[in-house]
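What follows is a short report on a single structure.
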Amino acid sequence: LRKDSNAAGVTKFRLYTAGPTTIRVELSMNASGNIVADGTTVLAGYSADTWYVFRLTLNTSGSTYKVAYSTDTYGSAGTFSADTSDIAMTNTGNIGSVLLDVDAGGTSLYDYISPTSPFTAPAATLPRKALLGVGI
C-alpha cells in the first residue's frame, strides 16, 4: 500500500467472509498518520509516498491475526517488522473476499496481493499460505 498523504483520507484493506457484507479483518492507513488494524496501531507515524508491504498471519479458527510491515524494495531479501500481538477478528467465518477501499483525501495505490512473500527470501518459519503480501 502507498498513500500520498498521511493527513487526509483513509486507505483500507479488508478481508470479508463469503460476501462483501461481513468484515473479518481491516487494515488502514488513516488521516491521523497511523497504520491501524481493527483498532490496534501497527505503525504510528507512517511516511507519505512510501510503499508499505504487509504480512497478515491469519488464524481463522481462533479468530485472530497478526500484522508485520516492511518498507524494503521489491525483489530484495526484505525483512518484516516484528508481528503485532494477536488482534481479534471482527466476526467469524472463513475468508471469502478482499475489498480495497479509499475514502476521499489524496491518492492511494495498491500494487501486489499474494499468498506468498513479495521478497526473494520469505520468512522460513511461516507456512507459505499464511503470508499475504500487499504493496511494492
Side-chain angles (χ1 to χ4, degrees):
L1 292 173
R2 187 176 102 193
K3 198 165 175 312
D4 72 347
S5 172
N6 59 5
V10 179
T11 298
K12 298 175 189 171
F13 171 84
R14 290 179 174 166
L15 298 177
Y16 285 86
T17 59
T21 56
T22 305
I23 300 169
R24 293 285 333 256
V25 171
E26 180 175 287
L27 179 69
S28 64
M29 298 175 88
N30 67 29
S32 297
N34 298 323
I35 296 172
V36 179
D38 284 307
T40 298
T41 300
V42 174
L43 176 64
Y46 69 87
S47 297
D49 278 328
T50 298
W51 282 109
Y52 287 87
V53 178
F54 297 99
R55 179 183 67 206
L56 304 179
T57 306
L58 308 173
N59 177 353
T60 55
S61 62
S63 290
T64 62
Y65 68 102
K66 296 178 182 188
V67 180
Y69 68 90
S70 177
T71 57
D72 290 338
T73 306
Y74 179 80
S76 70
T79 57
F80 284 97
S81 68
D83 284 317
T84 61
S85 298
D86 283 343
I87 300 168
M89 289 185 181
T90 308
N91 294 290
T92 59
N94 292 327
I95 303 297
S97 60
V98 174
L99 176 70
L100 306 174
D101 184 17
V102 179
D103 292 346
T107 300
S108 299
L109 302 164
Y110 303 85
D111 193 39
Y112 179 83
I113 299 174
S114 172
T116 59
S117 175
F119 299 123
T120 57
T125 58
L126 295 173
R128 288 184 62 171
K129 66 182 180 179
L131 295 174
L132 176 62
V134 179
I136 293 296

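Everything numeric in this text was worked out from a predicted model, so none of it was measured.
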Mind checking whether Phe13 and Thr11 have side chains closer than 4.5 Å, heavy atoms only?
-> no

Taken in chain and number order and not counting sequence neighbours, the residues that satisfy side-chain hydrogen bond (donor to acceptor under 3.5 Å, both in side chains) with Ser85 are none

Same cluster (ILVMFWY, side-chain, under 4.5 Å), Val98 and Phe54 = yes

Of all heavy-atom pairs between Ala68 and Ser81, which one has the smallest distance, and what is that distance?
-> CB-O, 3.4 Å

Can you tell me if Ser70 uses its side chain to pair, donor with acceptor, with the backbone of Thr79 under 3.5 Å?
-> yes

Could you verify whether a donor N or O on one side chain and an acceptor N or O on the other, from Asn94 and Thr60, lie under 3.5 Å apart?
-> no

Which distance, rounded to the nearest 0.5 Å, do you find between the CZ of Arg14 and the CG of Leu100?
-> 11.0 Å

Can you sort out the partners of Ala44 under side-chain contact (heavy atoms from CB on, under 4.5 Å), two or more places apart, ordered by chain and number?
-> Asn34, Thr41

Exam field: side chain Asn30 to backbone Val10, donor-acceptor pair closer than 3.5 Å | no

To the nearest 0.5 angstrom, please state how far the OG1 atom of Thr71 sits from the CZ atom of Phe80.
-> 10.5 Å

Examine distances only and state if a side-chain atom of Tyr52 and a backbone atom of Lys3 form a donor-acceptor pair shorter than 3.5 Å.
-> no

Taking side-chain hydrogen bond (donor to acceptor under 3.5 Å, both in side chains) as the test, write out the residues that go with Ser5, two or more places apart.
-> none

Excluding sequence neighbours, so at least two apart, what forms side-chain contact (heavy atoms from CB on, under 4.5 Å) with Thr84?
-> Val42, Lys66, Val67, Ile87

How close do Glu26 and Tyr65 get, heavy atom to heavy atom, and via which atoms?
-> O-OH, 3.7 Å

Distance (rounded to the nearest 0.5 Å) between Thr57 OG1 and Asp83 CG | 5.0 Å

Which atoms form the tightest heavy-atom contact between Leu58 and Val25, and what is the distance?
-> CD2-CG2, 4.3 Å

Does Ser63 have any side-chain hydrogen bond (donor to acceptor under 3.5 Å, both in side chains) partners at least two apart in sequence or in another chain, and if so, which?
-> Arg24

Value rounded to 0.5 Å, distance of CG in Leu15 from CD1 in Ile95 | 5.0 Å

Spacing of OH belonging to Tyr16 relative to OG1 belonging to Thr22, to within rounding of 0.5 Å = 9.0 Å

Distance col, row Asn6:CG vs Ser32:OG, nearest 0.5 angstrom, shows 9.5 Å

Salt bridge (charged side-chain N to carboxylate O under 4.0 Å, His left out) partners of residues 27-52, not counting sequence neighbours, each pair once = Arg2-Asp49

Taking side-chain hydrogen bond (donor to acceptor under 3.5 Å, both in side chains) as the test, write out the residues that go with Ser28, two or more places apart.
-> none

Minimum side-chain heavy-atom gap Leu1-Ile35 below 4.5 Å | no

